[in-house]
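A short worksheet on the structure shown next.
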Amino acid sequence: MRGRGNYRLEIEKCVVKPRGEAQGSVCATSGLDLARFAAEKFGYPLLDLSAFDDTQIQKSAIDRKLIASHRVVPLHKRGNRLAIAIADPTNLRALDEIRFQTGLAVDPVIVEENKLAPLVAKLSESVEDSLKSFTSEDIDLEFTDEKTQEKTDDASAVEVDDAPVVRFIQKMMLDAINDGASDIHFEPYEKSYRIRFRTDGILREVAAPPLVIKDKIASRIKVISRLNIAEKRVPQDGRMRLVLSKSRAIDFRVSTLPTMYGEKIVLRILDPASASLGIDALGYEPEQKELLLDAINRPYGMILVTGPTGSGKTVSLYTCLNILNKAGVNIATAEDPAEIPLPGINQVNVDDKAGLTFPVALKAFLRQDPDIIMVGEIRDIETAEIAIKAAQTGHIVLSTLHTNDAPGTLTRLMNMGIPTFNLASSILLITAQRLVRRLCTCKKPLDTPVETLLNAGFLESDLDGTWTLYGPGECERCKGSGYKGRVGLYEVMPVTEAIQRIVMANGTEHDVADQARQEGVNDLRRSGLLKVKQGLTSLDEILGSTNA
């Protein structure tokens, strides 16, 4: 492609006067002529900036340093494409840097230089973004030791302290926090390197840095996380902290995995704010909330939270612990690992290599005069037996289990070898849960056939015309996905006397489910349909997340 000098020279030679005037070369090319020629020559659209509403400009889409240095303006974003106003389409460096920084496909739009310049100056002075309060002096990546939680000097840090890489990692972490992401994936491949965020349960690519920096990124993250940078053959787990201000810091759980083309690294974002949202923010229906609060305030017994990985079990448990966390209560937790620090609660990280397993931690807890015990996960019969014993001897025990629904939890424990009389006498309540995407404010009403609604699980009495079925729309707030945030679906099943009798008689999962339904317990599908009626999510989300 031609350089800038040749490009402007060619315009001086080739631009012609409007029809009706004498034809020939134009000695003084106007900004509009220049823009018209560039648009025609390069095949890009032409825009009159004076007719564009500058309040719609995506000010936070790219860094204002790029706006000022390359004289570009981000016009609008749709999906994974970003329209950029530019006067010089030969400035390939600007387009490449924008692609790298945003991870988006860039669509150049030609504008007049004399109209672009004042807009660039204005944006350079007043660009706003949601993290503007965090300057480079405010942000600090700490070395974090799980025992001391103190900063430490590490000589090896100097070896990989590449300032551009450090800034890039910090930017990815800040962008992920700003985006509400739960995980950041750094993924090397044979000929490419990509970074993805998991937002609202969905992975999307946000950046594709050069492949040559993959080792620097991996080394830097491993040093900050106190991992062995020389060990690249086995997975490692660590932790780091991003200090945003004196009052706010966010922890990241780090996991490395050796792959064919380098180390894949996943950062799990552990924001303490998510554990203090309160039970009302989780999405429980009023009757479900009442059942849960009644169970956790009982003097003894076990409450189980079940669901697949990523269904919000930990946040639900931490919310319960925050409710119970009072000065007169002794609470101890055994987790692998403890994800979010909770002041006033004794949290223990299990370490199988060191011999600190869940059963060992539980036995130690029972000698520590506890009132409430939380077990991160019941994985084996020994852990289950000790937890049940604790629930039978005057303690409230909270734990998680990987099952599909609440009735299946009881049969799962029976299959593990727990005596039925122990289950019937110790378990107070079981909650199964899922997370589904919440519709954005741009949601739009849908016209859906009655047969489709009935097949989904709605009753004829539900179709009374008093509510509207909504589907995803498209706007900048949700980045065109139609969804923003997530809401929980819950199946809250108290273990009543009738269910206890079924368990004692070695009843099946279906027997328990039928009894729970008779007692008015909504399964996950029914809970999801209630969220659809409330306009919180779409029918497609419920059908994709629950079984009929």
Side-chain angles (χ1 to χ4, degrees), residues 141-157 183 218-219 221-241 249-258 263-270 272 275 302 305 309 313-314 317-318 321 330-391 395 397-402 416-417:
L141 279 171
E142 291 186 355
F143 298 99
T144 304
D145 184 283
E146 293 186 351
K147 295 181 180 178
T148 63
Q149 294 289 311
E150 294 177 352
K151 293 183 181 179
T152 181
D153 294 325
D154 194 323
S156 61
D183 301 88
S219 296
I221 291 175
K222 289 168 72 175
V223 165
I224 300 170
S225 309
R226 303 295 302 275
L227 302 179
N228 183 356
I229 64 172
E231 181 56 78
K232 301 179 180 180
R233 298 167 298 175
V234 297
Q236 298 186 67
D237 294 306
R239 201 177 181 102
M240 69 169 71
R241 170 170 291 182
I250 294 180
D251 289 327
F252 292 77
R253 192 175 71 201
V254 182
S255 173
T256 71
L257 178 70
E263 288 182 284
K264 174 180 177 177
I265 299 177
V266 176
L267 307 185
R268 167 63 60 88
I269 301 173
L270 309 174
M302 178 181 285
V305 180
T309 301
K313 299 188 300 295
T314 300
L317 285 178
Y318 280 22
L321 290 178
N330 180 19
I331 303 176
T333 74
E335 304 169 71
D336 184 21
E339 294 191 354
I340 299 174
L342 296 177
I345 294 177
N346 307 291
Q347 295 173 273
V348 174
N349 283 329
V350 300
D351 186 345
D352 291 339
K353 292 182 180 179
L356 182 55
T357 61
F358 279 117
V360 170
L362 281 174
K363 290 176 182 177
F365 288 169
L366 294 176
R367 295 190 290 270
Q368 290 277 317
D369 186 30
D371 297 298
I372 298 164
I373 296 172
M374 196 269 272
V375 185
E377 182 184 348
I378 294 179
R379 298 175 178 173
D380 52 61
I381 187 171
E382 186 179 6
T383 304
E385 287 176 338
I386 300 173
I388 287 174
K389 178 183 177 182
H395 308 89
V397 179
L398 298 93
S399 189
T400 71
L401 207 65
H402 289 286
M416 289 175 62

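We're numbering straight along the sequence, starting at 1.
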- Task: Decide side chain to side chain contact (heavy atoms under 4.5 Å, CB included) for H402 and T309; before the verdict, give the C-alpha distance in whole Å, the side-chain angles of both, and the deciding distance to 0.1 Å.
- Result: CA-CA 8 Å; H402 289 286; T309 301; 3.7 Å; yes

- Message: Assess the residue pair H395 and F365 against the criterion (side chain to side chain contact (heavy atoms under 4.5 Å, CB included)); give the C-alpha distance rounded to whole Å, side-chain angles, the decisive distance to 0.1 Å, and a yes or no.
- Response: CA-CA 11 Å; H395 308 89; F365 288 169; over 6 Å; no

- Task: Walk me through it: do M374 and L342 pass the test side chain to side chain contact (heavy atoms under 4.5 Å, CB included)?
- Result: CA-CA 13 Å; M374 196 269 272; L342 296 177; over 6 Å; no

- Please step through side chain to side chain contact (heavy atoms under 4.5 Å, CB included) for the pair V375 and I386, ending with a clear verdict. CA-CA 10 Å; V375 185; I386 300 173; over 6 Å; no

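In this structure a side-chain-to-backbone donor-acceptor pair under 3.5 Å is missing from D251 to R241. The backbone N or O of V266 lies less than 3.5 Å from no partner atom in the side chain of S255, so there is not a single donor-acceptor pair. Of the possible polar contacts, one joining the Q236 side chain to the E231 backbone as a donor-acceptor pair under 3.5 Å is found.
Proximity of N346 to Q368: side-chain heavy atoms (C-beta onward) are nowhere separated by under 4.5 Å. Looking at R253 and D237, their side chains never come closer than 4.5 Å, going by heavy atoms from C-beta outward. Looking at heavy atoms from C-beta onward, L366 lies in side-chain contact with I373 at the 4.5 angstrom threshold.
The CD1 atom of I221 sits 5.0 Å away from atom CG of L267, with the distance rounded to the nearest 0.5 Å. Here I345 contributes atom CD1 and L321 contributes atom CG; the two are 4.5 Å apart, rounded to the nearest 0.5 Å. The distance from atom CG of N349 to atom CZ of R239, rounded to the nearest 0.5 Å, is 7.0 Å. The distance from atom CZ of R379 to atom CG of D336, rounded to the nearest 0.5 Å, is 4.5 Å. Note: E385 CD to D380 CG = 9.0 Å, rounded to the nearest 0.5 Å. Here the CG atom belonging to L398 is positioned 14.0 Å from the NZ atom belonging to K313, to the nearest 0.5 angstrom.
Under the salt bridge (Lys or Arg N to Asp or Glu O under 4.0 Å) criterion, the residue pairs touching residues 348-374 are K363-E382, with sequence neighbours excluded.
The two residues I265 and A218 have their closest heavy-atom pair at CD1-CA, 3.5 Å. Pairing each heavy atom of P370 with each of N330, the nearest pair is CA-ND2, 3.4 Å. Smallest separation of non-hydrogen atoms from G376 and S399: C-OG, 4.4 Å. Here the shortest heavy-atom pairing between T256 and V234 reads OG1-O, 4.3 Å. The minimum heavy-atom distance linking P235 with L257 is given by the pair CG-CD1, 4.2 Å. Scanning all heavy atoms of the two residues, the minimum distance from I250 to L270 falls at CG2-O, 3.9 Å.
Residues passing the side chain to side chain donor-acceptor pair (under 3.5 Å) test with Q347, sequence neighbours excluded: E335.
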